[in-house]
Asker: 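This is the structure I want to talk about, given as structure tokens.
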Amino acid sequence: MTLKTNIGNDSFDSCMMNASGVWCSTVDELEALVKSKAATFVTKTATLAPREGNPLPRVHHFGPNSINSSGLPNEGIDYYLAALANFEATHPNRAFFLSVTELAEDQIETIMQRVHQSDYHGLVELNLSCPNVIGKPQVGYDFETTARILDRTFSYFDQPLGVKLPPYFDVSHFDQMAEILNRYPLTYVNSINSIGNGLVIEQDAVTIAPKQGYGGLGGAMIKQTALANVRAFYTRLKSDIAIIGTGGVTSGRDVFEHLLCGASMVQVGTALLQEGPAIFARLEEELKAIMDEYGYTSIDDFKGKLKNTI
Ligand code: RRO
């Protein structure tokens, strides 16, 4: 049995990895992922300059769920490019993901140009869905701006590029966003980021300090929304755009469902934060047991093959 999968021209020995933002802010954290059973890693979303992020406490866990308003804390693009250069040198046969964004359109162009001109030629994920920067809307909810950013980016950017999307909740939004994405030579679409601007209360107060308690929801409670988004894009996008499924994964069964919906790779956020990188060994065992039950020997045996009728 194999869990091998591909994203664009890159192959991976497993179909599970971290979600950006979790266990990927420092070289030490990335190193722990490289040593784990994870397929690979994606970095914390990098900006041009390092950022401290929002005031603490900014992440709160409740059961298998989380709320965060981290505010894009990161070490800056140069740090992650240097880290990637080292990981690529020490693991020449492995592919990694660099996540980037910026807070204004012209700055997005600047950071994409910076990556383009760097020695890093691997996979890049443009985060269009951070819900937590005060005063900045999620780009992925603005269809015109998304199209303009992709137009500008693809006028010069020639390395494998994916976009990280926010969750959508209306069929017309699935249709509109898919129509835009299908215009571009994207390598993949990653769906979903946290469900933005939830509110978690304990006793008589909010649970995180920034934004009067508002923050992105993650964990088991967002799985059904994530699956719907993965399925919506899998059934609408050109077949050469791979889907990365993210949201609500705490078990091998959850990974199986993302793959059934059409994901080629599945990312783990909240549960990785709660359990640490050892989670990948558990998820792998659980997924293999399910595949065994169904008689599947590879991901391709069932990827995207969700039954639409009962
Ligand atoms: O750093 C964050 O607050 C953050 C980001 Br950039 C993101 O894309 N998603 C999220 O839940 N938090």
Side-chain angles (χ1 to χ4, degrees), residues 17-26 29-30 41-62 64-77 79-80 97-104 107-108 111-112 124-142 145-146 149 161-168 188-200 206-223 225-226 229 244-249 267-274:
M17 60 184 287
N18 70 302
S20 181
V22 180
W23 229 280
C24 59
S25 292
T26 64
E29 289 180 339
L30 294 168
F41 66 68
V42 56
T43 67
K44 171 66 185 172
T45 301
T47 49
L48 285 162
R51 290 172 54 88
E52 286 204 353
N54 291 338
L56 302 174
R58 58 194 183 192
V59 183
H60 173 76
H61 292 267
F62 54 110
N65 308 299
S66 66
I67 182 168
N68 90 87
S69 181
S70 303
L72 207 34
N74 77 92
E75 303 290 337
I77 186 67
Y79 176 93
Y80 298 103
F97 292 72
L98 168 68
S99 173
V100 296
T101 199
E102 256 300 339
L103 308 188
Q107 295 290 83
I108 289 182
I111 198 165
M112 294 306 287
V124 178
E125 176 164 297
L126 178 56
N127 184 351
L128 297 178
S129 47
C130 176
N132 300 327
V133 179
I134 293 160
K136 298 286 175 187
Q138 289 165 82
V139 175
Y141 287 138
D142 179 339
T145 303
T146 297
I149 288 169
L161 181 66
V163 285
K164 178 82 171 270
L165 298 178
Y168 299 97
Y188 73 92
V189 163
N190 186 344
S191 185
I192 60 175
N193 207 317
S194 56
I195 298 184
N197 296 296
L199 193 56
V200 176
V206 300
T207 52
I208 53 174
K211 289 179 65 178
Q212 297 180 307
Y214 282 79
L217 300 171
M221 66 180 294
I222 76 165
K223 183 179 79 168
T225 297
N229 276 260
I244 297 184
T246 306
V249 173
Q267 295 188 341
V268 189
T270 298
L272 168 59
L273 202 57
Q274 296 184 346

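Treat the numbers as computed from the prediction; the structure is a model and nothing was measured. Ligands are counted one by one from 1 in listed order, and the atoms in each one are counted from 1 as well.
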Asker: Does one side chain, of S70 or N68, offer a donor that lies under 3.5 Å from an acceptor on the other?
Answerer: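 Per modelled atom types, S70 and N68 side chains form a pair under 3.5 Å.
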Asker: What I want to check is whether the side chains of N127 and T101 have a donor and an acceptor closer together than 3.5 Å.
Answerer: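 Judged by distance alone, the side chains do not pair up.
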Asker: Who's touching ligand 1 if we go heavy atoms under 4.0 Å?
Answerer: K44, N68, S70, G71, L72, P73, N127, C130, P131, N132, N193, S194
Asker: Which of these, Y188, F41, Y80, sits in a ring-ring contact (aromatic ring centres under 6.0 Å, His included) with F97?
Answerer: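 Of all the options given, the one that passes is Y188.
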Asker: Report yes or no: do N74 and S25 form a side-chain donor-acceptor pair below 3.5 Å?
Answerer: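 Per modelled atom types, N74 and S25 side chains form no pair under 3.5 Å.
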Asker: Among all residues two or more places apart in sequence or in another chain, which pass the salt bridge (charged side-chain N to carboxylate O under 4.0 Å, His left out) test with K223?
Answerer: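 D254, E257.
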Asker: So, Q267 and N18: side-chain donor and acceptor under 3.5 Å apart, yes or no?
Answerer: no
